[in-house]
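One structure is given here, and the rest of the page talks about it.
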Amino acid sequence: MRNVIVWALIVAMAVSLQASIFKKLSSSMNLKGEKYLKKAEVLYGDNQFDKAIPLYLKFFEKNKKKENIDVDIFYHVAVCFMEGKKQAQGYAYIETAAAAKPDDLDIQVLKAEYLVALGSVPDAIETYQKIVKTHPDDYLSYIRLGELTVGQGDLKGAREWWEKAIELDPSRPDGYSRMSESYLKVEKNRLEAYYYARKLLDVVKPDKKPGIQRMLDNLAGDMGQDYENYFQKQDCMMNAEELFKNAKFLQAFQVMDKCKTLPNLSGDYFLLFGKVCDEVGKFKDAAFAYERCIALGLESGDICYRLGWSYLNSGQSEQARIAFQRAQQFTDTKEKAKKMLDKLPK
């Protein structure tokens, strides 16, 4: 009988001890709030940001030292506060994440937008400037830099950022849209506004084209053909300059040759066309272009020398002599023009 009682006590004590052990183990496992974090992450993934916040905060409450916590958790909490428009409460989290991952694009962009929301626009601009240095191919950061810069009253600086975005990816609409809007609303410059809106027309999706076309028609009014000619000339020059800069001379020639019949071409057009023609060996066309430059009032030693060179290479030595004589009258080309004249047959 005694043995039965003893064994009953032993079993009871063992069960009680086992229950106590499991209770302590369960408490220990949740000491760092893993269950709160797991629930919060599920809600975050479902975009239920307001519901996720209190669970994240419970998790951080159990991890007051915040040691060994994944940086992405700080980022997720910051996203939740941003979505809930509680930036003052969330800034510390994004600041921690940004310090830990200075090269992470998403984290740094969110930090910049926190700064904007909190009224620290100069600091936001500085953050975006760091972003484009680290991520020079991030198109939208250039667009955002322009928006923030123009908000600070620096229209020229804003356009430089938007132009960089366009240069980075000419197939996207945002840069053209911002440029057109800035010219129309700030300076009332309808021609430049038309130019960028016309570029916008070429890159927007088909369902957007009718609206852009209506805007173009309103801008041009009854001068539609004049505005379109202006666009064609500007577009020709910009494309050709980019191609020439990258030593794509044949492509530059093809671009410029297509628009050489447009009315009222500028001296800058003919000067560039002359240089392009020289590069592709079309010396007669080059000579014609340089003559047009002089006729339009752009006479200089460099243009006269280029004219002489083009005439010489097209077999018109007498015309070359006249051009080099003209170049000799300018200080910057006097010596080299004399050398060319000395080489010509008497």
Side-chain angles (χ1 to χ4, degrees), residues 15-149 151 165 169 172 174:
V15 170
S16 176
L17 180 62
Q18 186 179 43
S20 177
I21 289 171
F22 282 122
K23 185 176 181 180
K24 288 181 179 179
L25 182 60
S26 176
S27 176
S28 174
M29 287 178 69
N30 193 45
L31 183 63
K32 295 184 178 180
E34 281 84 355
K35 71 176 184 181
Y36 300 126
L37 178 59
K38 288 179 180 178
K39 290 180 181 179
E41 289 286 86
V42 170
L43 291 169
Y44 176 86
D46 292 337
N47 296 330
Q48 298 186 54
F49 303 114
D50 285 341
K51 292 181 180 179
I53 288 174
L55 292 169
Y56 278 125
L57 294 182
K58 286 182 179 179
F59 169 73
F60 279 111
E61 180 65 25
K62 289 187 173 292
N63 293 268
K64 291 183 179 180
K65 292 183 180 180
K66 297 181 173 58
E67 295 176 355
N68 301 319
I69 296 178
D70 192 322
V71 174
D72 288 341
I73 303 303
F74 290 92
Y75 172 68
H76 291 175
V77 177
V79 170
C80 291
F81 277 117
M82 175 64 85
E83 291 290 335
K85 301 188 185 305
K86 301 173 183 176
Q87 291 89 350
Q89 294 172 257
Y91 182 73
Y93 296 95
I94 193 59
E95 191 175 39
T96 299
K101 287 189 174 181
D103 294 338
D104 187 289
L105 177 60
D106 291 336
I107 289 175
Q108 295 303 322
V109 166
L110 184 60
K111 179 187 176 182
E113 290 305 314
Y114 257 93
L115 291 167
V116 173
L118 294 171
S120 300
V121 177
D123 291 329
I125 291 174
E126 183 179 347
T127 301
Y128 269 115
Q129 288 173 337
K130 291 178 181 177
I131 288 172
V132 296
K133 284 182 179 179
T134 308
H135 303 276
D137 295 334
D138 189 53
Y139 178 90
L140 291 178
S141 287
Y142 292 104
I143 296 296
R144 190 64 171 131
L145 263 169
E147 292 171 344
L148 296 174
T149 302
D169 190 346
R172 298 181 68 168
D174 310 77

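All values below were derived from every heavy atom in this structure, side-chain atoms included, with hydrogens, water molecules and symmetry-related copies excluded.
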Minimum heavy-atom separation for [X] to [Y], with atom names?
| X | Y | result |
| --- | --- | --- |
| Ala40 | Ala52 | O-CB, 3.7 Å |
| Gly90 | Ala78 | O-CB, 4.2 Å |
| Leu148 | Ala124 | CD1-CB, 4.2 Å |
| Leu145 | Thr149 | O-OG1, 2.6 Å |

Residue pair [X] / [Y], side-chain heavy-atom distance below 4.5 Å:
| X | Y | value |
| --- | --- | --- |
| Asp123 | Glu126 | yes |
| Gln129 | Ile125 | yes |
| Pro136 | Tyr142 | yes |

So, taking the atom named [atom1] in [X] and the one named [atom2] in [Y], what distance separates them when rounded to the nearest 0.5 Å?
| X | Y | atom1 | atom2 | result |
| --- | --- | --- | --- | --- |
| Ile94 | Gln87 | CD1 | CD | 12.0 Å |
| Ser120 | Tyr91 | OG | OH | 7.5 Å |
| Lys133 | Asp138 | NZ | CG | 15.5 Å |
| Lys85 | Asp50 | NZ | CG | 11.0 Å |
| Ile73 | Thr96 | CD1 | OG1 | 13.0 Å |
| Ser141 | Ile131 | OG | CD1 | 5.0 Å |

- line: Applying salt bridge (charged side-chain N to carboxylate O under 4.0 Å, His left out) to Lys58 and not counting sequence neighbours gives none
- prompt: Who passes salt bridge (charged side-chain N to carboxylate O under 4.0 Å, His left out) against Lys51, sequence neighbours left out?
  reply: none
- request: Mind running side-chain contact (heavy atoms from CB on, under 4.5 Å) on Lys38 and Val42 for me, showing each step along the way?
  value: CA-CA 6 Å; Lys38 288 179 180 178; Val42 170; 5.7 Å; no
- prompt: Does the side-chain contact (heavy atoms from CB on, under 4.5 Å) test come out yes or no for Ile53 and Val77, once each step is laid out?
  reply: CA-CA 7 Å; Ile53 288 174; Val77 177; 5.9 Å; no
Can you give me every donor-acceptor pair (side chain of residues 102-113, partner residue at least two apart or in another chain, under 3.5 Å) with its distance?
from	atom 1	to	atom 2	distance (Å)
Asp104	OD1	Asp106	N	3.2
Asp104	OD1	Ile107	N	3.0
Gln108	NE2	Ala98	O	3.1
Gln108	NE2	Lys101	O	3.1
Glu113	OE1	Arg144	NH2	3.0
Glu113	OE2	Tyr128	OH	2.6
Glu113	OE2	Arg144	NE	2.8

message: Taking the ring centre of each residue, are Phe74 and Phe60 less than 6.0 Å apart?
response: yes
query: Can the ring centres of Tyr56 and Tyr36 be said to be less than 6.0 Å apart?
result: no
Tyr114 side-chain N/O to Met82 backbone N/O, donor-acceptor pair under 3.5 Å: yes
message: Checking the side chain of Asp70 only, and the main-chain atoms of Asp72 only, is there a donor and an acceptor separated by less than 3.5 Å?
response: yes
field: Verdict with supporting geometry, Phe81 and Tyr93, side-chain contact (heavy atoms from CB on, under 4.5 Å)
entry: CA-CA 9 Å; Phe81 277 117; Tyr93 296 95; 3.8 Å; yes
message: For Lys86, is the NZ atom crowded, meaning more than 12 foreign heavy atoms sit under 6.0 Å from it?
response: yes
- request: In sequence, state the C-alpha distance, the side-chain angles, and the governing distance for Leu115 and Val121, and then conclude on side-chain contact (heavy atoms from CB on, under 4.5 Å).
  value: CA-CA 6 Å; Leu115 291 167; Val121 177; over 6 Å; no
